[in-house]
Structures are given as structure tokens and as C-alpha cells.
Amino acid sequence: MPGIHSIGGVPIQRHHLARCHCGAVVLRLHLPDGVLSPRRCDCSLCRRKGAIVGSVKLADLEVIEGEHALRLYQFNTHVAKHWFCGTCGIYTHHQRRSSPDEYGYNLGCLDGVNPYALGEVPVSDGVNHPADRPPAQ
């Protein structure tokens, strides 16, 4: 699947920075293929935060500033790890429950990017999470 290499005229860099609102938290994302599979989720948390997310492998996200400012939130099964800035409250990224070898990141935190320039994005069914379904027989 081809990645998105420009959003609203802003090129997605191979190593793109992402920040919370106040700038206390800065991430470096390795995005050689651009933004892959942007989406929303309709689980109880994501409905409330309203973020559009992309995903990267764990090694492709680095907290380069403000690790001390990050706060962790977990709920339900306590498998997914959702991080947000303890100063401004912005959700920056999370370790995914359905793919624990990946981080989801907030496209709204990417430097210069307005995620609404993407238009319509798919919505993942987080209410009926795949990990909550019984195994196929």
C-alpha cells in the first residue's frame, strides 16, 4: 500500500518531528514510506480524543525531548499504552493493543501538518476490538 507523502501541501519527511501543543514533548518518526493507513478509531477513548492516527514500528518512534513530561493512561485490558503531555494534555502516541509491535501516533502532532487536509479517513471498529472476539474455530 502506498504511503501519503504530502498532506495539505506539506511534505512528509523521512524523519518527521511531532510535538505536543506546548512543545514539551518532541518525537522523531521514521516515515520513509510516508504516512501509512491514516484512520480514526471509535473505541470509548478515541471517540473522545478524536485524533487521526498513523502507525509505525516501535523502533521508528523516538522521544527526543520531554520524556519526563509524558503521562501514561491505560484502561479496560491495560494492554494498550496511551501517552499524552502532562503539561498541555495532548495525546501524542500509543502502543497499540492489536499490534503491540507498533505505535499509533497523532497526525495532528506532525510539524506543519493539518490532518483535516486528508478529508475523509476510515474508522476502525474499536468498539468491537478484534482481541475481544473469541478465536475462530
Quiz item: What residues form a side-chain contact (heavy atoms from CB on, under 4.5 Å) with Ile4, not counting sequence neighbours?
Solution: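 With neighbours one apart ignored, the set is Ile7, Val35, Pro38, Leu118.
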Quiz item: Which residues pass the side-chain contact (heavy atoms from CB on, under 4.5 Å) test with Val10, sequence neighbours left out?
Solution: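 With neighbours one apart ignored, the set is Val113.
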Where [X] and [Y] come nearest, the two heavy atoms and their spacing:
X	Y	value
Ile90	Cys109	CG2-SG, 3.7 Å
Cys20	Thr92	CB-CG2, 4.1 Å
Ile52	Pro115	CD1-O, 3.8 Å
Tyr116	Arg40	CE2-NH2, 3.6 Å

Quiz item: Looking at residues at least two apart in the chain, or sitting in another chain, which of them share a ring pair (Phe, Tyr, Trp, His ring centres under 6.0 Å) with Tyr91?
Solution: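 Result, ring pair (Phe, Tyr, Trp, His ring centres under 6.0 Å) vs Tyr91: His94.
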Quiz item: Got a sec, which residues hit ring pair (Phe, Tyr, Trp, His ring centres under 6.0 Å) with Phe75, two or more places apart in sequence or on another chain?
Solution: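 Testing Phe75 for ring pair (Phe, Tyr, Trp, His ring centres under 6.0 Å), a comparison that skips the adjacent residues, returns Tyr73, His82.
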Quiz item: Looking at residues at least two apart in the chain, or sitting in another chain, which of them share a side-chain hydrogen bond (donor to acceptor under 3.5 Å, both in side chains) with Gln13?
Solution: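 Gln13: no side-chain hydrogen bond (donor to acceptor under 3.5 Å, both in side chains) contacts found.
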Practice problem: List in chain and number order the residues that pass side-chain hydrogen bond (donor to acceptor under 3.5 Å, both in side chains) with Lys81, two or more places apart in sequence or in another chain; answer none if no residue qualifies. | Solution: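 Lys81 satisfies side-chain hydrogen bond (donor to acceptor under 3.5 Å, both in side chains) with no other residue.
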Self-check item: Summary of ring pair (Phe, Tyr, Trp, His ring centres under 6.0 Å) pairs that have at least one residue in residues 34-54, sequence neighbours excluded
Solution: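 Listed by first then second residue: nothing to list.
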Quiz prompt | Qualifying ring pair (Phe, Tyr, Trp, His ring centres under 6.0 Å) pairs, either residue in residues 35-66, two or more places apart | solution =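 As it turns out, there is no ring pair (Phe, Tyr, Trp, His ring centres under 6.0 Å) pair with a partner in residues 35-66 once direct neighbours are skipped.
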Exercise. Without swapping roles, check the side chain of Arg47 against the backbone of Asp42 for a donor-acceptor pair under 3.5 Å.
Key: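 Yes, the answer is positive, given that a donor and an acceptor are paired below the 3.5 Å cut-off.
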Atom pairs and distances, donor-acceptor, side-chain atoms in residues 22-34, under 3.5 Å, two or more places apart:
{"unit_1": "Arg28", "atom_1": "NH1", "unit_2": "Glu62", "atom_2": "OE1", "d": "2.9"}
{"unit_1": "His30", "atom_1": "ND1", "unit_2": "His15", "atom_2": "NE2", "d": "2.9"}

Quiz item: Pairs in or reaching into residues 112-123: which pass salt bridge (charged side-chain N to carboxylate O under 4.0 Å, His left out), with residues at least two apart or in two chains?
Solution: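 Every candidate salt bridge (charged side-chain N to carboxylate O under 4.0 Å, His left out) pair involving residues 112-123 fails, so no pair, neighbours aside, qualifies.
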Exercise. Kindly state each residue pair satisfying salt bridge (charged side-chain N to carboxylate O under 4.0 Å, His left out) with at least one member in residues 103-113, sequence neighbours excluded.
Key: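 Applying salt bridge (charged side-chain N to carboxylate O under 4.0 Å, His left out) to every pair that reaches into residues 103-113, excluding sequence neighbours, yields Arg19-Asp111.
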Same apolar cluster: [X] and [Y], side chain cutoff 4.5 Å:
X	Y	answer
Val121	Tyr105	yes
Val56	Leu107	yes
Leu72	Leu61	yes
Leu70	Leu110	yes

Practice problem: Rounded to the nearest 0.5 Å, what's the gap from CG on Asp101 to OG on Ser55? Could you check? | Solution: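 Separation between the atoms: 9.5 Å.
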Quiz item: Once you round to the nearest 0.5 Å, how far does CG of Asn76 lie from SG of Cys43?
Solution: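 Reported value, rounded in 0.5 Å steps: 9.0 Å.
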Quiz prompt | salt bridge (Lys or Arg N to Asp or Glu O under 4.0 Å) against Arg39, all qualifying residues, sequence neighbours excluded | solution =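 Salt bridge (Lys or Arg N to Asp or Glu O under 4.0 Å) list for Arg39, sorted by chain: empty.
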Quiz prompt | Heavy-atom check, side chain of Asn106 versus side chain of Lys49, under 4.5 Å | solution =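 In short, these two side chains do not touch, never coming nearer than 4.5 Å.
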Self-check item: Test log, rule side chain to side chain contact (heavy atoms under 4.5 Å, CB included), inputs Ile64 and Leu17
Solution: CA-CA 9 Å; Ile64 60 172; Leu17 295 182; 3.7 Å; yes
